[in-house]
Protein chains: 2
Amino acid sequence: MNGALDIETTANILKLLGDKTRLTMIKIMSEHECCVCEFVDLFEMSQPAISQHLRKLKDSGIVNEARRGQWIFYSLNQTSSYYSFIQTVIKDLPSQNFKLEELTAQGKRICCD
Amino acid sequence: MNGALDIETTANILKLLGDKTRLTMIKIMSEHECCVCEFVDLFEMSQPAISQHLRKLKDSGIVNEARRGQWIFYSLNQTSSYYSFIQTVIKDLPSQNFKLEELTAQGKRICCD
DNA sequence: AAATTAAATAAGTATATGCTTATGTGATTA
DNA sequence: TAATCACATAAGCATATACTTATTTAATTT
């Protein structure tokens with residue numbers, strides 16, 4: 001699944017990645033799945049703003065959503081035809097694990113165990 | 001010079017690449033330098049529109065300009081700290097050499113020899 | 001069943017973006 | 001030195017983008 005993407009498709013993906021909030025979300029999701037309220041806590045931004053970013057990513061097929069209980073978890077869609085390209089783009093970005101660790105420290109991490 | 005870029009810087013670069021015209025220009029420049037009037041012939045777009053795209057790329061340091069005679073040639077700036085990242089992003093894009101070959105066939109290619 | 005929590009959607013708004021046309025600037029040629 | 005060619009810049013405009021607040025939907029808890 002390493003088929004080269006055409007220029008227009010690639011430009012559209014890059015436009016989606018070319019936003020600080022979405023790019024950070026994608027890096028986070030490449031490390032852990034995450035639910036909406038966690039993103040709301042991580043970014044100083046309203047819940048609808050977060051939802052709208054996630055919707056763009058979902059509409060493009062970049063991310064998956066999965067409801068678990070009252071939460072909806074988002075994760076990178078590893079079966080997307082863009083997945084390997086996205087991995088290439090984000091692989092050297094600084095890990096965002098520290099953000100989730102901060103959430104855990106504040107007792108704001110959501111777990112469905 | 002393979003230093004990882006931070007998220008904000010990367011998002012800004014990706015935003016620049018996330019436009020079909022600029023992404024195509026960058027792929028072309030990764031293969032050949034090119035002057036403004038060639039881009040104008042290649043894209044069905046006004047000369048100021050082309051100039052404005054090139055200015056954004058130049059302001060970010062992604063491309064170099066070099067005047068030769070009455071023409072100004074643009075090329076990928078290989079000394080930019082973003083160069084290797086950009087190469088990574090564009091390396092699998094389809095070659096745009098055919099576009100310059102079409103220009104050559106039409107006698108519209110600029111050469112300073 | 002009512003209240004609560006999580007998330008999506010709708011509608012409005014300010015700013016950013018990408019183009020256009022008109023004009024200015026610098027090098028070349030007649 | 002006047003005209004021309006290549007390109008940049010300025011100004012204006014339509015659309016896109018990223019947010020906001022208000023409301024709706026869906027699941028959970030009491």
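Fair warning: this is a prediction, and the values are worked out from it, not measured in the lab.
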Report which part of the nucleic acid A:Lys20 touches: base, sugar-phosphate, or nothing (heavy-atom distance under 4.0 Å, all strands).
-> nothing
Give one of base, sugar-phosphate or nothing for A:Tyr74, where a contact means two heavy atoms less than 4.0 Å apart.
-> sugar-phosphate
Is a side-chain N or O of B:Glu31 found less than 3.5 angstrom from the main chain of B:Ser95, in a donor-acceptor match?
-> no
Evaluate side chain to side chain donor-acceptor pair (under 3.5 Å) for A:Asn12 paired with A:Thr9, printing each intermediate quantity in order.
-> CA-CA 5 Å; A:Asn12 289 335; A:Thr9 303; 5.8 Å; no
For DNA chain D, whose closest nucleotide is more 5', that of A:Arg67 or that of B:Arg55?
-> B:Arg55
First and last nucleotide of DNA chain C, 5' to 3', lying under 4.0 Å from heavy atoms of chain B | C:dT17 to C:dT28
Ignoring hydrogens and angles, tell me if any N or O in the side chain of A:Asn64 forms a donor-acceptor pair with the backbone of A:Ser75 under 3.5 Å.
-> no
Counting N and O atoms only, with roles assigned by atom type, does the side chain of A:Glu65 sit under 3.5 Å from a partner on the main chain of A:Val63, one being a donor and the other an acceptor?
-> no
Sidechain-backbone polar pair: B:Glu44 side chain, B:Leu42 backbone, donor-acceptor under 3.5 Å = no
Is A:Lys20 close enough and on-axis enough to A:Phe43, meaning under 6.0 Å and within 45°, for cation-pi?
-> no
Hey, is the main chain of B:Lys27 close enough, under 3.5 Å, to the side chain of B:Ser30 for a donor-acceptor pair?
-> yes
Assign each of B:Ser46 and A:Gln47 to its nearest nucleotide of DNA chain C by heavy atoms, then name whichever residue's nucleotide is nearer the 5' end.
-> A:Gln47
Shoot me the first and last contacting nucleotide of DNA chain D against chain A, ordered 5' to 3', at under 4.0 angstrom to non-hydrogen atoms.
-> D:dT17 to D:dT28
Taking NZ, NE, NH1 and NH2 as the nitrogens, is one of them in A:Glu38 or A:Arg109 under 4.0 Å from a carboxylate oxygen of the other?
-> yes
Looking for any heavy atom pair under 4.0 Å, which part of the strands does B:Lys58 touch: base, sugar-phosphate only, or nothing?
-> nothing
